[in-house]
Structure formats: C-alpha cells, structure tokens
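Owing to the predicted nature of the structure, the values given are computational and were not obtained by experimental measurement. Every chain is numbered from 1 and lettered A, B, ... according to where its sequence line falls, protein lines coming before strand lines.
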Amino acid sequence: MALLVDKHRPRSLDQLTYHKDLSERLRSLAQSGDFPHLLVYGPSGAGKKTRIVATLKELYGPGVEKIKIDSRVFQTTSNRKLEFNIVASVYHLEITPSDVGNYDRVVVQDLLKEVAQTQQVDQSAKQKFKIVVINEADHLTRDAQAALRRTMEKYSPNLRLILLANSTANIIAPIRSRTLLVRVPAPTEAEICTVLAKSGKKEGFPVARELEMRIARESGRNLRRALLMYEAVHAQNEKVTNTTPIPPPDWEALLSVIAAEICAEHSPARILQVRAKLYDLLTHCIPPTTILKVLTFKLIPMVDDKLKAEIIRWSAFYEHRVRMGTKVIFHLEAFVAKFMRVVEEFEMDEGF
Amino acid sequence: MAGFFDLKARKDAAATNGSSSKAAPVKETNRLQPWVEKYRPKNLSDVTAQDHTITVLQRTLQSSNLPHMLFYGPPGTGKTSTILALAKELYGPELIKTRVLELNASDERGISIVREKVKDFARMQLSQPTAAYRKLYPCPPYKIIILDEADSMTQDAQSALRRTMETYSKITRFCLICNYVTRIIDPLASRCSKFRFKSLDQGNAVKRVEEIAQKEGVKMEDGAVDTLIRCSEGDLRKAITFLQSAARLVGAVGIQDKDEDSMDIDDDSNGKIVTVKSIEDIAGVIPEETIEKLFKAMQPKSKGLVYEAVSNTVTDMVADGWSATQVVTQLYQSVLYNDLIPDVQKNKITLVFSEVDKRLVDGSDEHLTILDLSLRISNILAGA
C-alpha cells in the first residue's frame with residue numbers, strides 16, 4: 001500500500017493544482033525544443049520534484065516513468081572505491097552526488113562526461129539531449145560546482161541539467177548565471193486545503209473542513225508533511241471529525257517536553273536530564289538544526305516578550321556553531337544553558 | 001528496382017539529403033548557442049566601453065609588436081572578448097587554431113599543466129602562412145597563450161611560468177586574465193603590461209542589450225532594460241544571459257525560426273513581451289514591496305508586537321523560497337540608502353550584516369539567521 005503522498009502525486013503538468021502559471025511556463029519551455037539548464041529552488045514540500053518529473057514526462061512522453069536503479073562504482077584519485085546509486089530511465093538520470101560527500105566532484109566529472117559524450121541512441125526520441133537531474137545541488141562542494149561549470153558549456157548539445165536545491169545561497173555565481181532560475185514557492189494554506197480535500201475524496205474519507213484547515217496551518221506550508229499528517233490522522237482514528245486532535249510526530253512531542261522542562265527549572269541537574277533526551281533525539285537521526293530550530297520556536301511563546309529577540313539571537317549563534325563544530329551535543333547543551341541564564345538574569349532584574 | 005540503377009536520381013537525392021541534414025544542424029546550433037557566445041565582439045572596435053584599452057591595443061596592432069599582457073577587472077566587462085577579438089584580427093580563422101592556446105584555469109590548473117602543456121606550446125616553432133593569407137591578416141611572428149582565470153592558478157604554477165615567459169618571448173606572448181590583480185604574483189605582474197577593465201557604465205550596457213534584443217526580435221517593456229542592467233550590476237554577460245532566459249521564458253523568441261523574411265510581419269504576431277517582472281523573476285530579485293514589508297515590520301513598536309510582525313513576515317518570505325543571500329543584499333541596500341536612519345545606527349547595523357553574511361556562507365539555517373538579522377536590526381533601530 002502506497003502512502004497518500006505517492007499514490008496521489010500528480011503525474012503530468014495538467015494535474016498540478018497550484019502555481020498554474022509556473023506549470024504553463026515549464027510546458028512552453030518543454031515544447032519549445034530549446035530546453036535550458038534549470039535551477040529549481042524552493043522550500044521542501046513545495047513540489048519541486050513533482051513538477052520536474054511532470055516536465056520530464058512532457059518532454060519525453062511516458063517512457064521516463066520506466067525507471068531502474070543502477071549501482072555504479074567510481075574510483076577516486078586515491079584509489080578509494082565509491083558505490084553510487086543512479087536512478088535512470090532511457091532518457092534521463094537522477095543522481096544525488098552529496099551521498100558520497102567530499103568525493104562528489106569525481107562523480108560529477110566522470111558520470112556527466114560519460115553521459116555527455118554519448119548521444120541519444122533512440123532515434124525516435126523526442127529530444128536529442130539527455131537530462132540529468134541533480135538532487136540537493138546546494139550540498140555540492142565548490143569543486144564539484146566548478147567542474148559542472150565547464151561541462152555545462154562544453155556538452156550542452158547532448159546534455160541538459162536540472163539542479164534541485166532548497167536555496168541558491170550555496171550555488172556559486174557562475175552556475176547561477178548559466179541556468180534558468182525557477183523558484184517554486186510553498187503552497188498557501190488554502191491551496192493545501194484543496195489538495196487535502198481532493199485526496200480525501202479519492203480515498204473516500206469523510207469531509208472535515210476544520211481539520212484540513214488545522215493541518216494546513218500545522219504543516220508550515222509543507223504539502224508533503226500536510227499529506228502525511230492527514231493520512232496519520234485517518235490511520236489512527238476510526239472516525240474522524242473536525243475536532244479530532246492531530247498527533248504530532250514523536251520527536252516533536254519529545255521536544256515539547258524538553259521545552260517545558262527547560263522553562264520549569266533552571267539548574268545544572270535539569271541540564272543533565274535534558275541532555276539524555278537530546279541524545280535520544282540525536283540517536284534517532286533527527287538533524288541537529290531541526291532540533292535547535294523546533295526547540296527555539298517552542299520556547300519562544302513561553303518567555304517574556306522582551307526576551308524573544310535575545311533568544312533568537314543565541315539560537316542563531318549556536319546553530320552556526322553546530323554547523324561549524326564537530327560535536328553537536330556541546331552546542332545544543334550550550335544553547336540550553338544559555339537560555340536558562342538569560343531567563344534567570346531577566347527574572348533577577350525584574351525582581352528588584 | 002529501376003530507381004536503384006538510376007544513378008543520377010540517387011545522386012540528386014543524396015545531395016538534397018546531405019544538404020538538408022547539413023543545413024539543419026547549423027541552424028540548430030545557432031539557435032541553441034548562448035547569446036553571450038553569439039554576440040561576442042568579432043573585432044576590437046566592437047568591444048564596448050573600454051576605449052582606453054582598445055586604443056592602446058589597436059596601436060600595438062599596427063606596429064605588430066605585442067607585449068605580454070595582464071587583463072584585470074570585474075566579471076563580464078569584456079576581458080576574454082577583447083583578447084579573442086585581438087587574436088582573430090591578428091591571425092584570421094585559419095591560423096588562429098595553431099597560433100593561439102586558450103587555457104581555462106578553472107579545471108586544469110596546477111604545476112603539471114604549466115610544465116607540459118604551456119611549455120610544449122611555447123616551444124613549438126611557428127608555421128609559415130601563405131603569402132596570400134598574409135595579405136589578409138597581419139600574422140605577426142609569435143603565438144599567443146591565453147590563461148583565463150589566472151587568479152585561480154596556484155602560486156607554484158604561477159612561479160613556474162616566470163622563466164617560461166622570458167625564455168620563449170621571441171615566439172610567444174602571454175595574456176593573463178584575472179579578476180583580482182592582487183592574486184597574481186609580483187614577478188609575473190611586472191613582466192606584463194597591465195590593462196584595467198572598468199565596470200560597464202549604464203549607457204553602454206543599455207545600448208548593447210537593446211541592440212541584441214532588436215537583432216533577436218525580442219520585444220521589451222518600457223523600463224525592462226533598466227531593470228536588466230540594475231540586476232546585473234555592470235556585468236554584461238549576466239545581463240545578456242538574463243535577457244535570453246527571460247525571452248525563452250515568455251516565449252518572445254522563436255520568431256526567426258519560421259522565416260528570415262517575415263521579420264516585419266511578426267511585430268503584431270503576439271503580445272509576448274519581456275516584462276520587468278519576468279526579469280526580476282529570473283534574476284531572483286525580491287520585489288520591492290516584500291522588502292518594504294519586512295522593513296516596516298522592523299520599525300520600533302512595543303517589544304512583543306515587533307517579534308510577532310517580524311517573525312510572521314520572515315516565515316512567509318522563507319516559505320516563498322526567497323534566497324537568504326538575496327534578502328541580505330537587498331535589505332542592506334534599503335537600510336544603507338535610507339536617510340531616516342542616523343549614521344550611528346547604520347554603523348551598528350553594518351556590523352550585524354557582516355556577521356550574518358558569514359554565517360550564511362558557512363551554511364547556517366536561513367530561517368533562523370534572517371530572523372536573527374531582522375530582530376537585531378529592529379533592536380538597533382529602537383535605540384538600544
């Protein structure tokens with residue numbers, strides 16, 4: 001049984017429900033025959049990938065849906081062997097170079113050159129070029145991006161790239177100026193509601209407007225998350241009504257507990273308790289940035305208005321530290337300690 | 001069967017087939033070619049807005065003696081174009097292949113390349129052009145080695161060049177191209193005559209963009225050209241790429257594909273014009289109103305209200321997918337040129353900007369960082 005997200009994923013540009021003008025543009029690009037390199041960016045769950053798959057279908061027809069997974073071995077200069085998975089159809093390849101970390105340059109160079117130097121074999125294919133979709137392009141290293149730069153210009157008759165990224169900040173300027181930037185904004189809450197209602201209808205779920213509204217708000221304009229939440233609610237409850245509570249994910253529930261604990265008592269003993277919980281989260285592979293961010297936004301409503309800016313400031317500070325440092329737990333704990341101190345100091349001042 | 005032996009008919013068919021298949025790719029490559037390449041200046045006098053450099057070079061062209069050269073300046077000002085145009089004028093299409101070596105340093109750098117490729121080429125003896133050819137082009141008795149993006153060459157590679165430059169100076173001239181002259185080691189810089197390429201001024205850039213737009217049959221809204229130039233910050237290559245993407249996006253090109261002769265008819269074919277908005281879209285520029293809204297949210301109110309307003313605006317901006325670096329750049333502009341903010345506060349604000357920029361480059365979370373930036377600016381504005 002597939003998840004709702006996959007089951008009702010739009011397969012063609014017609015079926016996409018929001019950002020109509022963007023779909024139209026992609027269609028006209030696909031039909032013009034002169035397809036540029038694309039850099040698609042937007043927050044997660046906005047529908048970047050769905051849109052690109054639909055565009056590929058528009059370009060090549062249903063053949064792109066027959067995909068297979070290849071495993072390839074690359075050799076680095078230091079003779080290390082890299083295993084790398086490629087999702088491919090006859091017409092396109094999909095890679096996630098950040099899987100191999102620092103060696104992404106090797107993959108980008110070898111694989112793309114190989115693709116670029118062979119022409120489309122299928123004579124009846126609609127387009128002469130192949131498309132390579134690069135996921136998480138914002139995690140590519142500088143070297144890999146510089147390697148892309150030449151490849152993009154040199155082999156443009158045989159190869160088009162579609163880069164998917166969450167933000168353009170980490171993409172070097174030469175790449176940005178060589179691609180057509182496509183921004184995919186997150187859907188609005190109303191748009192999420194429509195999608196939920198549509199999915200619900202297909203599944204035969206009872207109509208619950210209020211619930212859909214609430215889910216849309218909770219999801220933070222992330223459609224994937226909204227659909228998953230919607231499904232979770234229906235899976236956990238026999239009868240769903242407008243007032244059915246939306247169960248938060250386990251880790252979010254735990255973070256709420258942590259936030260409450262931190263606020264209740266400011267002492268080293270408490271830090272020790274919190275520490276165990278934070279470790280718990282980390283061992284369950286919750287990214288530290290997410291932990292810090294969600295924790296911050298849970299703490300914010302609990303503190304005095306005057307402190308909010310201060311809390312955000314330290315949160316951003318320690319987030320940066322997490323990014324630069326090696327051991328995550330230090331910085332998470334430091335944030336907790338800092339928070340306690342800031343609140344304590346403020347209360348002292350107020351008291352006198 | 002009869003047709004099989006009819007040699008003439010087959011030949012004809014082959015000829016037409018051949019010619020059609022030959023014609024098609026040429027047209028296609030022309031169409032697929034980036035406009036940046038297509039409209040690269042063909043000769044020195046075509047190079048826009050670098051009068052001083054061009055006059056000097058043209059004079060050396062006449063005297064047929066060339067010094068080693070070092071071109072430096074911001075990107076998109078015509079450094080590579082100038083040297084390519086010069087090479088073309090000197091050698092013509094035939095000789096240019098054997099007399100010019102262009103090395104792009106972005107992927108082949110390091111000392112081994114300098115030792116092998118550059119040295120081998122520099123050592124090579126000159127081929128003699130025919131007398132007839134020599135009448136058409138000056139064909140001076142030296143080769144040119146172009147080292148593009150020389151500032152990304154390692155120190156070692158640069159010092160390996162030193163002696164090579166002198167030893168083979170009889171038959172080889174070097175042209176180094178870079179963005180930052182300070183990254184070129186002194187011994188190399190002192191061997192070259194330096195040419196500074198200044199950032200393009202408005203007038204020239206506008207003229208060039210309009211010319212290309214007209215040649216490609218792209219119709220542009222009033223003010224679209226100005227937006228284009230503003231977004232590209234004096235970088236002509238960026239401006240032209242933006243123009244091409246914008247034209248593709250709205251489908252304003254494709255007119256020439258049908259027929260070259262129908263040029264005057266298609267003026268009324270459809271209303272597809274490149275608008276200011278579509279250019280801003282492509283350049284990833286955030287609309288003024290959004291920045292304005294954020295700025296308004298930052299204005300001092302009672303503490304709780306500020307936080308609510310700012311956090312809501314920032315959340316919306318992040319959800320809309322605006323890139324954080326762009327937010328920082330544009331917010332910086334709007335704060336810096338705002339006369340209502342006293343200098344003392346501006347001082348403090350720039351400090352915050354510098355820190356935030358560093359964090360973003362290090363890859364911090366965009367949402368938190370922008371929120372922090374906005375709140376701190378708002379704090380400073382409130383006079384804290």
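At a 4.5 Å heavy-atom cutoff, the contact between B:Arg376 and chain A is made by side-chain atoms alone. Only the side chain of A:Ile300 has a heavy atom closer than 4.5 Å to any heavy atom of chain B. Neither the backbone nor the side chain of B:Val356 comes within less than 4.5 Å of any heavy atom of chain A. Of the atoms belonging to A:Arg183, it is side-chain heavy atoms, and not backbone ones, that fall under 4.5 Å from chain B. Proximity to chain B (any heavy atom under 4.5 Å) is shown, for A:Ser315, by both the backbone and the side chain. Proximity to chain A is limited to the backbone of B:Leu360, based on heavy atoms less than 4.5 angstrom apart. Only the side chain of A:Phe297 has a heavy atom closer than 4.5 Å to any heavy atom of chain B. Contacts of B:Ala319 with chain A are made by both backbone and side-chain atoms, with heavy-atom separations under 4.5 Å.
The OG atom of B:Ser364 sits 14.0 Å away from the OH atom of A:Tyr318 when rounded to the nearest 0.5 Å. With values rounded to the nearest 0.5 angstrom, B:Leu368 atom CG is found 6.5 Å from A:Leu292 atom CG. Rounded to the nearest 0.5 Å, atoms OH (B:Tyr307) and CG (A:Leu307) are 12.0 Å apart.
Checking each of A:Arg323, A:Met324, A:His320 against B:Arg359 for a side-chain contact (heavy atoms from CB on, under 4.5 Å) leaves exactly one that passes, namely A:His320. Shown are B:Val314, B:Leu373, B:Leu371; of these, the side-chain contact (heavy atoms from CB on, under 4.5 Å) with A:Ile312 is made only by B:Leu371.
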### Task
Could you check A:Lys308 against B:Glu308 for side chain to side chain contact (heavy atoms under 4.5 Å, CB included), going step by step and ending with a plain yes or no?
CA-CA 10 Å; A:Lys308 281 175 181 169; B:Glu308 284 303 313; 4.3 Å; yes
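Between chain A and the options B:Leu375, B:Thr241, B:Asp372, the largest number of non-hydrogen pairs under 4.5 Å is found for B:Asp372. Ranking A:Lys293, A:Arg321, A:Glu310 against chain B, the residue ahead of the rest is A:Lys293, based on heavy-atom pairs under 4.5 Å.
Annotation for B:Phe295: atom CZ counts as buried by contact number, over 12 foreign heavy atoms lying within 6.0 Å.
Ion pairing of B:Asp316 with A:Arg221 is present here, as a side-chain N (NZ or NE/NH1/NH2) and a carboxylate O approach within less than 4.0 Å.
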